[in-house]
Number of protein chains: 2
Amino acid sequence: MLRLSKKVEYAILALQFISNKDDKFATAKEISDSLEIPFEFLSKSLQTLMKKGILESQLGVRGGYQLARSPNKITIQEVIVALEGRSGLVDCTYKKSNETCDKIETCLLKNPMAVLQNRINSIFKQTTIAQLSGEVKN
Amino acid sequence: MLRLSKKVEYAILALQFISNKDDKFATAKEISDSLEIPFEFLSKSLQTLMKKGILESQLGVRGGYQLARSPNKITIQEVIVALEGRSGLVDCTYKKSNETCDKIETCLLKNPMAVLQNRINSIFKQTTIAQLSGEVKN
DNA sequence: CGATAATACGATTATTTTAGTCGCATTTTA
DNA sequence: TAAAATGCGACTAAAATAATCGTATTATCG
């Protein structure tokens, strides 16, 4: 509950790892070995991050992944959205406007939850990969 | 992902309902009918909230539930903790101190995530049932 | 050119968590 | 003493998450 999925958790660790390698390419194998993360599982997340423009990949023999931009420009929010799609505290806060729930008129949850959601999102938007590796101040 | 469970969602709605009934007892049946929530499922949550001191119950025929204290003294955080037990963004932020994960020395996730967790918790601690029914300001 | 080391990607399976149900016991009141 | 309620444990169902498998494609190096 209110837990980050392994997909996101692994991805953040991997991004830190890649970030620390700096200019060289990091291979999925190398990352999964170092961090003891299932290779196939990690690979798919890296591929997703690539498609979303967070990572760049190089195919073939000396290939691998590198950050598409500076780690202080990559927020956790982006990583979450990339890997999970948009999500909300309650279903109705991320439903498209046309699929309204049938209790919409009387529901006392949607608006206040949307507010809380925004506050939480803003925490994730403010936190970058670079910050995580350094200290995060409270 | 980062979604409130139905248990918590229903419980919050139920607490709002009970709060609006004021001094009278609200029965689980009444609540589940009004809010269209599965009766048995809701009942268990209400019983848990009772054991945790958020609700008071009266057994027998004219029985039911009422708030154990004013709705502005009941935070969402309490409801979440009551129903889910403590939870964290990543496993290690809620593991007991003795069951440390084997990557503890090199892990770059635990401390920063604990910080984010605290920020999120503080949002939930600041939000009461009374506030939800009124407006929640951003 | 061909072997090898890498990513790309869809399909499938396994595991865990969440949601919901059932049955029966107990309590209280009218 | 019947009826209306909560209390509680065991069970089942469904959904989400995590992990695996198989195979195709791409690029480099010798």
Side-chain angles (χ1 to χ4, degrees), chain A residues 1-14 18 21 24-33 35-66 68 80 83-91 94, chain B residues 1-14 18 21 24-33 35-66 68 80 83-91 94:
Chain A
M1 232 293 304
L2 284 179
R3 212 169 109 267
L4 250 36
S5 65
K6 289 290 174 194
K7 233 167 23 175
V8 169
E9 182 179 330
Y10 294 161
I12 291 173
L13 286 167
I18 296 170
K21 271 208 86 172
K24 288 156 285 181
F25 283 104
T27 69
K29 184 85 179 40
E30 186 186 355
I31 302 170
S32 76
D33 282 352
L35 302 175
E36 301 179 72
I37 291 172
F39 171 78
E40 297 291 350
F41 192 56
L42 174 66
S43 290
K44 281 211 298 201
S45 296
L46 295 177
Q47 285 162 29
T48 304
L49 293 177
M50 195 265 302
K51 276 188 273 190
K52 301 285 178 168
I54 293 169
L55 287 177
E56 281 168 359
S57 71
Q58 159 108 21
L59 286 178
V61 173
R62 303 241 176 242
Y65 296 94
Q66 66 187 172
I80 293 174
L83 293 174
E84 312 273 348
R86 187 128 200 93
S87 76
L89 285 177
V90 289
D91 288 345
Y94 67 83
Chain B
M1 233 291 304
L2 284 179
R3 212 168 110 268
L4 251 37
S5 65
K6 288 290 174 193
K7 228 162 37 169
V8 169
E9 182 180 329
Y10 293 162
I12 292 173
L13 286 168
I18 297 169
K21 271 207 85 172
K24 286 157 286 181
F25 283 104
T27 69
K29 185 83 178 40
E30 185 186 356
I31 301 169
S32 76
D33 282 352
L35 303 176
E36 300 179 70
I37 292 172
F39 171 78
E40 297 291 350
F41 191 57
L42 173 66
S43 288
K44 280 210 297 200
S45 296
L46 296 177
Q47 284 161 29
T48 303
L49 293 177
M50 195 266 302
K51 275 189 272 191
K52 302 285 179 167
I54 293 169
L55 287 178
E56 283 169 356
S57 70
Q58 159 109 21
L59 285 177
V61 170
R62 302 242 175 246
Y65 295 94
Q66 65 187 173
I80 292 173
L83 293 174
E84 312 275 348
R86 187 127 199 93
S87 76
L89 285 176
V90 289
D91 287 347
Y94 67 83

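Just so it is clear: chains get the letters A, B, ... in the order the sequence lines come, proteins before strands, and each one is counted from 1.
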If you only use heavy atoms from C-beta on, which nucleotide in [options] is closest to the side chain of [X]?
| X | options | value |
| --- | --- | --- |
| B:Met50 | D:dG7, D:dT6, D:dG9 | D:dG7 |
| B:Val61 | C:dT28, C:dT4, C:dA8 | C:dT28 |
| A:Gln58 | D:dT28, D:dT26, C:dT27 | D:dT28 |

Ranking B:Glu40 and A:Lys44 by the position along DNA chain D of their nearest nucleotide, the one closer to 5' is B:Glu40
Check the distance between [N]'s [atom2] and [X]'s [atom1] and give it to me in whole angstrom.
| X | N | atom1 | atom2 | result |
| --- | --- | --- | --- | --- |
| A:Leu59 | D:dC29 | CG | P | 15 Å |
| A:Glu36 | D:dA19 | CD | P | 13 Å |
| A:Ile31 | C:dA6 | CD1 | C1' | 12 Å |
| B:Leu42 | C:dT18 | CG | P | 18 Å |
| A:Gln66 | C:dT7 | CD | C1' | 14 Å |
| A:Leu83 | D:dA16 | CG | P | 17 Å |
| B:Glu30 | D:dA5 | CD | C1' | 12 Å |
| B:Phe41 | D:dA15 | CZ | C1' | 13 Å |

Distance check: side-chain N/O of [X] vs OP1/OP2 of [N], anything under 4.0 Å?
| X | N | result |
| --- | --- | --- |
| A:Arg62 | D:dG30 | no |
| A:Tyr65 | C:dA6 | no |
| A:Gln47 | C:dG10 | no |
| B:Ser5 | C:dT17 | no |
| B:Thr27 | D:dA4 | no |
| A:Lys51 | C:dC9 | yes |

Side chains of A:Leu2 and A:Leu89, heavy atoms from C-beta outward: is any pair under 4.5 Å? yes
Can you confirm whether B:Ile80 sits close enough to B:Leu4 that some side-chain heavy atom of one is under 4.5 Å from a side-chain heavy atom of the other? yes
Rounded distance [0.5 Å steps], OG in B:Ser45 versus CD1 in B:Ile12: 11.0 Å
Distance col, row A:Leu42:CG vs A:Asp33:CG, nearest 0.5 angstrom, shows 10.5 Å
Earlier contact from the 5' end, DNA chain C, for A:Ser57 and B:Pro38: A:Ser57
For a quick check of understanding: with a heavy-atom distance under 4.0 Å over all strands, which category does B:Lys7 fall into, base, sugar-phosphate or nothing? sugar-phosphate
Check step by step if side-chain contact (heavy atoms from CB on, under 4.5 Å) holds for A:Tyr65 and A:Gln47. CA-CA 9 Å; A:Tyr65 296 94; A:Gln47 285 162 29; 3.6 Å; yes
